[in-house]
Amino acid sequence: MADFALLKAEQQLLAAQVVREGLSPDFVPRFIAGGDTGFEENGTVARAAIVILHWPSLEMAEHRVARVPVTLPYVPGYLSFRECPALLAAWQQLTYRPDLMFIDGHGVAHPRGLGIASHFGVTVDIPVIGVAKRRLCGDYQVPSATPGDCQPLIYQQQQTGWVLRSKARCNPLFISAGHRVSDDMALYWTRQCLRGYRLPEPTRLADAVASQRKGFRRYLNRQ
DNA sequence: GCGACAG
DNA sequence: ATCTTGTCGC
């Protein structure tokens, strides 16, 4: 059984290292990455996927998958300790160095300001944006049905991110800064990476690779 | 004590 | 996260 009090203390140390600014208006990335984690073997093995996309085409340049034994159970608020090891294993396999990365999960929109996007971001020290499908903490007004509309996510009187209606008739996304990105740039770049689907391309493709969905393996193995 | 609770 | 086909609605 894990000592969550110790993990909590570690989160507070790492949270102090998170940089909530970065990506100037003239920033132009060469490569944008997407990361996501899935599980197999009855949840005993984490399967992390990282994809590298060209900007601005957003076409895949590289994709890597790493499988690592799971060491912790899923506990809300401690997700990063469970998924970071696999994500780091996939990270070390990359040949490209992304200028910006999107990770499935929250960034600073976390009780202690250290969701997986921030934890991973501080660890590898690159700009990271968190894209979650559900709220962990905070309050917000539901954005209108109009695609592109958004509302601020507020936690303890402070903005921690945005709730974005990325696509019509779909539940909104929870966008937050992970590391070396401001709230506004996190929202801006998420919108820049949308291509008609609920999820921005980096996360959408990483999810497809990580969850070995039937039909997508064919897509990757073709040519 | 009760409800909430990323993936 | 994962187990899983078709189906209702826009």
Side-chain angles (χ1 to χ4, degrees), chain A residues 2 4 7-8 11 14-15 18 34-50 65-90 101-123 128-140 142 144-147 153-156 160-179 183 186 190 196-200 202-217:
Chain A
F4 288 95
L7 296 182
K8 181 177 179 180
Q11 288 186 320
L14 291 169
V18 173
D36 184 36
T37 306
F39 297 85
E40 52 186 49
E41 303 299 316
N42 296 310
T44 61
V45 175
R47 178 185 56 233
I50 292 183
V65 175
R67 291 162 216 279
V68 174
V70 166
T71 59
L72 295 171
Y74 164 64
V75 176
Y78 295 88
L79 170 72
S80 62
F81 291 103
R82 177 173 156 80
E83 305 187 353
C84 269
L87 226 35
L88 285 170
M101 180 170 183
F102 285 79
I103 290 182
D104 192 298
H106 294 286
V108 299
H110 173 282
R112 290 168 293 286
L114 195 83
I116 188 168
S118 296
H119 191 152
F120 188 84
V122 166
T123 301
V128 179
I129 293 170
V131 180
K133 304 179 200 66
R134 297 172 48 163
R135 183 205 69 157
L136 209 211
C137 62
D139 304 300
Y140 63 95
V142 177
S144 78
T146 307
L153 177 60
I154 306 295
Y155 181 61
Q156 298 180 332
T160 53
W162 299 96
V163 183
L164 172 68
R165 179 130 268 146
S166 57
K167 181 182 179 181
R169 301 182 302 283
C170 285
N171 292 320
L173 255 30
F174 296 79
I175 309 302
S176 62
H179 183 53
D183 291 348
T190 296
Y197 293 91
R198 177 158 86 124
L199 300 177
T203 286
R204 189 178 76 83
L205 295 174
D207 183 89
V209 172
S211 63
Q212 309 266 290
R213 286 181 300 193
K214 187 178 183 180
F216 217 79
R217 286 180 61 178

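Keep in mind that what you see is a predicted model, and the values were worked out from it rather than measured. Below, chain A is the first sequence line, B the second, and so on; all start at residue 1.
- In this structure, A:Phe39 places its CZ atom 11 Å from P of B:dG7, rounding to the nearest Å.
- Regarding contacts with the backbone of C:dC10, every side-chain N or O of A:Arg169 stays at 4.0 angstrom or more from both OP1 and OP2.
- The nearest whole Å value for the distance from the CD1 atom in A:Ile129 to the P atom in B:dA6 is 21 Å.
- We find that CG of A:Asp36 is positioned 8 Å from P of C:dT2, with the value rounded to whole Å.
- Atom pair A:Lys133:NZ and B:dC5:P shows a separation of 16 Å (rounding to whole Å applied).
- Rounded to whole Å, atom P of B:dA6 lies 13 Å from atom CZ of A:Arg82.
- A stacked arrangement is assigned to A:Tyr74 and the six-membered base ring of B:dG7, with a centre-to-centre distance below 5.5 Å and an interplanar angle below 30°.
- Remark: the backbone N or O of A:Asn171 is paired with a side-chain donor or acceptor of A:Arg198 at under 3.5 angstrom.
- Side-chain contact between A:Lys8 and A:Tyr78: present, with at least one pair of heavy atoms (C-beta onward) separated by less than 4.5 Å.
- Rounding to whole angstrom units, CG of residue A:Leu72 and C1' of B:dA6 are separated by 15 Å.
- Between the A:Gln11 side chain and the A:Gly77 main chain, a donor and an acceptor come within less than 3.5 Å of each other.
- Between A:Tyr140 atom OH and B:dA6 atom P there is a gap of 12 Å when expressed in whole angstrom units.
- Residue-level contact check: A:Asn42 touches neither bases nor backbone, having no heavy atom under 4.0 Å from any strand.
- Among A:Asp36, A:Ile175, A:Thr190, the single residue meeting the side chain to side chain contact (heavy atoms under 4.5 Å, CB included) criterion with A:Phe102 is A:Thr190.
- When the shell of 6.0 Å around CZ of A:Phe4 is examined, it contains more than 12 heavy atoms from other residues, nucleotides or ligands.
- Residue A:Gly77 is in base contact, counting any heavy-atom pair closer than 4.0 Å across all strands shown.
- Distances shown here put every side-chain N or O of A:Arg135 at or beyond 4.0 Å from the OP1 or OP2 atom of B:dG7.
- Which of C:dC10, C:dT2, B:dA6 sits closest to the side chain of A:Pro76 comes down to B:dA6.
- Taking atom CZ of residue A:Phe174 and atom C1' of nucleotide B:dC5, one finds them 13 Å apart after rounding to whole Å.
- A:Gly115 comes within 4.0 angstrom of a base, heavy atoms only.
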